[in-house]
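For reference, the structure is listed below as structure tokens.
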Amino acid sequence: MQRFQYYIDGQFLDGEARFPSVDPASGKEWADLPEAREGDVDRAVNAAEQALYNGAWSKMTATQRGKLIYRLADLVAANAQKLAELETRDTGKIIRETSAQIAYVADYYRYYAGIADKIEGSYLPIDKPDMDVWLRREPIGVVAMVVPWNSQLFLSAVKIGPALAAGCTMVVKASEDGPAPLLEFARLIHEAGFPAGVVNIITGFGASCGAALSRHPKVAHVAFTGGPETARHIVRNSAENLASTSLELGGKSPFIVFADADLESAANAQVAGIFAATGQSCVAGSRLIVERRVKEEFLTLLKGKAEAIVIGAPLDMATEVGPLATRRQQEHIAALVDKSVQSGARLVTGGHRPGGEGYYFPPTILDCDGVNSPSLVNEFFGPVLSVVSFETEAEALALANDTHYGLASGVFTQNLTRAHRLMKGIRAGIVWVNTYRAVSPIAPFGGFGLSGHGREGGMAAALDYTRTKTIWLRTSDDPIPDPFVMR
Ligand code: NAD
């Protein structure tokens, strides 16, 4: 068993308790992990508070902070392969994807390193002749970050990067499932030379560690990625400390294909949108909404591509779909597919758990035309695509918006004016036109409705980790006039 520690106040510690991590490809325990409970959460938050107000970090210039983040970015790039292998081992996400994604994580840190000394305050043209008034932008405070098991290095980078640029200190809670890469990443924080307490990385269970962290009285902001039900707990917990929240939640994202689209290209994008990362992606394009007159042609194309996918060991570079991260996830997906088939959905391909070890589930397509299938409403967070068809553009738009979620969407058409109408009409935080699943540190990312609020990526994310302070300076040497009149 490989042994991991967590990182509090610049020290690597064993934790209040220990628990095992399971390799999803074999279903066998492979790592021994530290579990933080209330005591360690408290130590971590106190360390972050000390670092924020009293330590070396609080005295650094923004440029010095930026240089530290650059150093971290270089270390991530240099260690990308090792981190990728750990993430693949611990979560089952295929090595082809983790190696590319973690190399890109370094670019996220580079982007926010550059932003550190570009966060500016402002001078106000105040309506009083003897006053100078300006806004200082200060770090929002101690930030609690809670992430789910899929892509923990990426989902934490989009929080840690902008929070560091803004000058915050933080406690990052890795998911109890697959936390090894994030615990290993703590070594890079240490090596980069961040002062003790600036970034603390722990792991533990949601109901104990996550809850204790999100309601801690010294936490000013909770940045959360995960499911809507957990988000409700977080919001209720934040009533204790009145912390602000940013919530990146799930989705049931529509993928609309018009008959005039390049169908081959759309089918490849749909495969990327639903089967990449074994469908464990918040932006999964899990509802295909296809124009009726090309439905059969498009489904035949998709079925062929889905059945040609190489399913296998996640550490093998040839593998395209690996196991799901947990047995819980595998059972949830199997049960929801069964329920959907019972409701009348037709299996186009896949749908059955293979025998053997590991938490595998095959790429699955459900034709739900004319059926009130639960698969059209509930998030699988797995490789399952639900299909409906339409005749008119208005119908396509209504189907796309028929969800409480609103994270991402895709539109495939050659018709420019129609594409513009849909960009405007779709209620989601991201609209990809003739592409899908593209991300960049420069572009904000986030949802509407049950997909959450707040944005990650871009300058806006860094500003969200700041708060303004209004400074009033009287420039007159005359005595203050009538004290009973507000000026
Ligand atoms: P989850 O909500 O069960 O868990 C996420 C994190 O919250 C974990 O670290 C967990 O320990 C913690 N947690 C659980 N209960 C808690 C509580 N009461 N208080 C505080 N923390 C608690 O999510 P999951 O099943 O691990 O991940 C899948 C979900 O995440 C899906 O819904 C998916 O769509 C979503 N997701 C969203 C994005 C995005 O950026 N929008 C990205 C990836 C995943």
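Whatever order the structure lists them in is the order used to number ligands and atoms, beginning at 1.
Side-chain contact check for T245 and H221: no donor-acceptor pair (N or O, by modelled atom type) lies under 3.5 Å. Using a 3.5 Å distance cut-off with no hydrogens or angles, the side chains of H190 and Y7 do pair a donor with an acceptor. Side-chain atoms of N378 and K252 form no donor-acceptor pair, as typed in the model, at a separation below 3.5 Å. If you check the side chains of W30 and D90, you find a donor sitting under 3.5 Å from an acceptor.
In this pair, F205 and F19 present their aromatic rings tilted. The plane angle is within the 30 to 60° band.
Proximity of I234 to ligand 1, defined as any heavy-atom pair under 4.0 Å, is confined to the side chain (atoms from C-beta onward). When non-hydrogen atoms are compared, ligand 1 lies under 4.0 Å from the side chain of V146 (C-beta onward) but not from its backbone. The backbone of V147, and not its side chain, has at least one atom closer than 4.0 Å to an atom of ligand 1 (non-hydrogen atoms only; backbone = N, CA, C, O).
For ligand 1 and E176, the ligand atoms under 4.0 Å from any heavy atom of the residue are 8 (C), 9 (O), 10 (C), 11 (O). Close approach to F445 involves these atoms of ligand 1, each under 4.0 Å from a residue heavy atom: 40 (O). Counting the atoms of ligand 1 from 1 in the order shown, those under 4.0 Å from a heavy atom of L407 are 41 (N). Proximity to L155 (heavy-atom distance under 4.0 Å) selects the following atoms of ligand 1: 42 (C), 43 (C). Within the listing of ligand 1, atoms 18 (N) sit less than 4.0 angstrom from a heavy atom of H233. Near F224, meaning under 4.0 Å from any of its heavy atoms, are these atoms of ligand 1: 2 (O), 5 (C), 6 (C), 7 (O). Residue-ligand proximity, P148 to ligand 1, at heavy-atom distances under 4.0 Å covers atoms 5 (C), 24 (P), 26 (O), 27 (O), 44 (C). Taking every heavy atom of T230 and a limit of under 4.0 angstrom, the matching atoms of ligand 1 come to 1 (P), 2 (O), 3 (O), 7 (O), 13 (N), 14 (C), 15 (N), 16 (C), 22 (C).
With hydrogens left out, the protein atom closest to atom 24 (P) of ligand 1 is W149 NE1, 3.5 Å, a heavy atom. In terms of protein heavy-atom proximity, atom 34 (O) of ligand 1 is nearest to E379 OE2, 2.6 Å.
Here's the thing with P228: none of its N/O atoms is less than 3.5 angstrom from an N/O atom of ligand 1.
When the options C282, S451, A174 are ranked by their closest heavy atom to atom 38 (C) of ligand 1, first place goes to C282.
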